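Each residue takes its place number in the sequence, starting with 1. FYI, side chains are in, hydrogens and waters are out, and symmetry mates aren't considered; it's all heavy atoms of this structure. In this text the structure is predicted, and so the values were computed from the model without any measurement.
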Amino acid sequence: MSTFLIRKSKSRLIIPERVIAFWSPTGSDTSEFCLEVGQELARHTTVAIAEMPCQGIPRLGFISETMERERCVENALQELEKTGYLTLSQLCKKSDNLALLVASVYATPDYPLINRLSLSTLMDYPVKFIHTARQLGYQTILFECQGQLTTPMTFFALKNADYLFITVPKMADLAFTIINIKHLVQTFKMSSGQIFLVGDIDPLSLKDLAVVIDDEGGTLETLTIIRQQKTEVIKHLLQHKERYQPGLREIPLCAEGQNG
C-alpha cells in the first residue's frame, strides 16, 4: 500500500499535508469546484481554503454563504500590510475540520483593496497563509485563484503549491491554458507532474496543440486529464507518491510574543 494512502477506517483516510491550487488562466469560476473538494477533504483531514481575489470578485463567500464583514481576506491583507504578520483570526470555521478565508461580499468593485497594497504584501501573503494555517493545525491548504501569472497573489499561490488543478470548462479556453502551463513548466520550472487539467478534454486536442505551440519539451505529453468531480481529485492526490517541495519563501512568521 502506498505510504500516502493509509486507511484509518472504511470511511476515513489519513491524508498527508498538501498545498493545492485551483486556477483557470482564462478567468473561469473555480470557487465552487474548490469548495466541493475542500468539503470532501474535510471528511478526512483539516482544511483551510483561501480565496485569492486578484480580480476583486467575491465568489467563494457567496457560494459558501459566508457573509462576514470583518472576517475576510481584505482584513487579513490589511493586517499583513500594517504589521508584517498574519494571525488568520479572520478565518471562518464552517465545521470542525473546515475553515474559509473569503473575499468580502461587501467590497466595492470600483477600487478593490489589492490596488492599495504594497507588492511585497501581495507576494508574501500565500506563503504566510501556509505557515500560519499549519501552526493553527490545518493540514491541507487550498488556494482558490482568480488572477493571471502577472498577479502576485495568484502567481505565488501557484508557485508554492504541491499540486495545481486547472479547470477548462470550454474547449475555446484550452489553447490559452496550455500556453500558461508551458510557461509554468519551462520558464518557472514547475513540474508537469504537479499539474492536472480538469474538464471534458479530448487528448487528441492536446496533440494538435503541441504542434501549434511548438511543445519541444514534451510538456503536454505528461499532463493528466481528469473529470471535474471532487472524488477524481482526491483519488489522484492519493495515487501520486511525489511530494513536490517548491521551496517556500524564507520570511519571518511572527514577531516575538505574536501567534501570526
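Nearest heavy-atom pair across A76 and L101 is CB-CD2, 3.9 Å. Closest non-hydrogen pair, A21 versus L158, comes out as CB-CD2, 3.9 Å. Heavy-atom minimum distance, A133 versus I141: CB-CD1, 3.4 Å. Smallest separation of non-hydrogen atoms from A99 and Y138: CB-OH, 3.4 Å. Annotation for I166 and P25: closest pair CG2-CD, 3.5 Å, computed over non-hydrogen atoms. Pairing each heavy atom of Q139 with each of T46, the nearest pair is N-OG1, 2.9 Å.
You'll find the side chain of E32 stays beyond 4.5 Å of the side chain of T167, heavy atoms only. Side-chain contact check for Q90 versus E74: every heavy-atom pair is 4.5 Å or farther apart. Under the 4.5 Å side-chain criterion, counting only non-hydrogen atoms from C-beta, I57 is not in contact with D29. Between I225 and V168 the shortest side-chain heavy-atom distance does not fall below 4.5 Å. Side-chain contact between I179 and H183 is present, with heavy atoms from C-beta onward closer than 4.5 Å. The shortest distance between side-chain heavy atoms of L149 and L184 falls below 4.5 Å. Side-chain atoms of L77 and T121, non-hydrogen and from C-beta on, do get closer than 4.5 Å to each other. The side-chain heavy atoms of V19 and F129, taken from C-beta on, include no pair separated by under 4.5 Å.
Checking S64, P53, C34, S31 one by one against R59, the side-chain contact (heavy atoms from CB on, under 4.5 Å) holds for a single residue, S31.
For the atom pair CG (L119) and CG (D124), the distance works out to 9.0 Å, reported to the nearest 0.5 Å. Taking OG1 from T30 and CZ from F165, the interatomic distance works out to 12.5 Å, rounded to the nearest 0.5 Å. L41 CG to L142 CG: the interatomic distance, rounded to the nearest 0.5 Å, is 6.0 Å. Separation of atoms CD1 (I49) and SG (C92) is listed at 12.0 Å; rounding is to 0.5 Å. The CD atom of E79 sits 3.5 Å away from atom OG1 of T87, with the distance rounded to the nearest 0.5 Å. In this structure, OG1 in T177 is found 12.5 Å from NZ in K170, a value given to the nearest 0.5 Å.
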Item checked: Pair F155-F188, ring pair (Phe, Tyr, Trp, His ring centres under 6.0 Å): steps then yes or no -> CA-CA 10 Å; F155 176 78; F188 301 113; 4.9 Å; yes

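When atom types are taken as modelled, the side chain of E81 and the backbone of L117 share no donor-acceptor pair closer than 3.5 angstrom. The backbone N or O of L35 lies less than 3.5 Å from no partner atom in the side chain of E144, so there is not a single donor-acceptor pair.
L136 and Y125 fall within a single hydrophobic cluster, where Ile, Leu, Val, Met, Phe, Trp and Tyr are joined by side-chain heavy atoms under 4.5 Å apart, directly or via other members. By the criterion of side-chain heavy atoms lying less than 4.5 angstrom apart, applied directly or through intervening Ile, Leu, Val, Met, Phe, Trp or Tyr residues, F62 is not grouped with V37; the two fall into different hydrophobic clusters. Taking hydrophobic clusters as Ile, Leu, Val, Met, Phe, Trp and Tyr residues chained together by side-chain heavy-atom distances below 4.5 Å, L197 shares a cluster with M171. V105 is not connected to V102 by any chain of hydrophobic side-chain contacts under 4.5 Å among Ile, Leu, Val, Met, Phe, Trp and Tyr, and they are in different clusters.
Between F22 and F33, the ring planes lie perpendicular to each other; the angle is over 60°, past the 30° to 60° tilted range.
Open room surrounds CG on D96; 12 or fewer heavy atoms of other groups in view lie less than 6.0 Å from it.
For T66 and K94, the side-chain atoms include at least one donor-acceptor pair closer than 3.5 Å. Side chains of Q148 and T154: a donor-acceptor N/O pair is absent below 3.5 angstrom, by distance only.
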